[in-house]
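Shown next, in structure tokens, is the structure this report addresses.
Numbers here simply count residues along the sequence, with the first being 1. Because the structure is a prediction, the values reported are computed rather than measured.
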Amino acid sequence: DRHSKIMIDSVKELRGLGMLVEAVNGHSYPELRAMFQLSQKVTSRPMAIIAETTKGKGISQYENSPDGGHGSLTIEPGELEEMLREINNG
């Protein structure tokens, strides 16, 4: 899709500038932590970390919607409890 093309172009541009570019699952704290630790050891050139994420991750109502829940200002009664249940059990 359009967003994937933008990301691929950005990665190419960053690499073209001589940067080390690494992608990581932005929902995984262990992967993020490991990448941040690696970034502290890389001293020969700048490093960019691409944290790949899914809007609304962990809440099926938002994860499966095109807008990912962005712009949603109201929550129906009982929705918050269900969302918290999904997040805590996911």
Between A48 and L14, what is the shortest heavy-atom contact and its length? CB-CD1, 3.9 Å
Which heavy atom of G26 sits nearest a heavy atom of A51, and at what distance? CA-CB, 3.9 Å
Give a yes or no on whether I49 and L20 share a hydrophobic cluster (residues Ile, Leu, Val, Met, Phe, Trp, Tyr; joining criterion: side-chain heavy atoms under 4.5 Å apart). yes
First locate atom CE of M19, then atom CD of E13, and finally report the distance between them rounded to the nearest 0.5 Å. 12.0 Å
How would you list, by chain and number, every residue that makes a salt bridge (Lys or Arg N to Asp or Glu O under 4.0 Å) with E82, sequence neighbours excluded? R85
Linking I/L/V/M/F/W/Y whenever any side-chain heavy atoms sit under 4.5 Å apart, do F36 and I50 land together? no
For the atom pair CZ (R45) and CG (L17), what is the distance rounded to the nearest 0.5 Å? 11.5 Å
For E79, give me all partners under side chain to side chain donor-acceptor pair (under 3.5 Å), at least two apart in sequence or on another chain. Q61
For residues T54 and H27, report the shortest heavy-atom separation together with the two atoms involved. N-NE2, 2.7 Å
According to a 4.5 Å side-chain heavy-atom criterion applied to Ile, Leu, Val, Met, Phe, Trp and Tyr, with indirect links allowed, do V42 and L32 form part of one hydrophobic cluster? yes
How long is the straight-line distance from CE of M47 back to NZ of K41, given to the nearest 0.5 Å? 11.0 Å
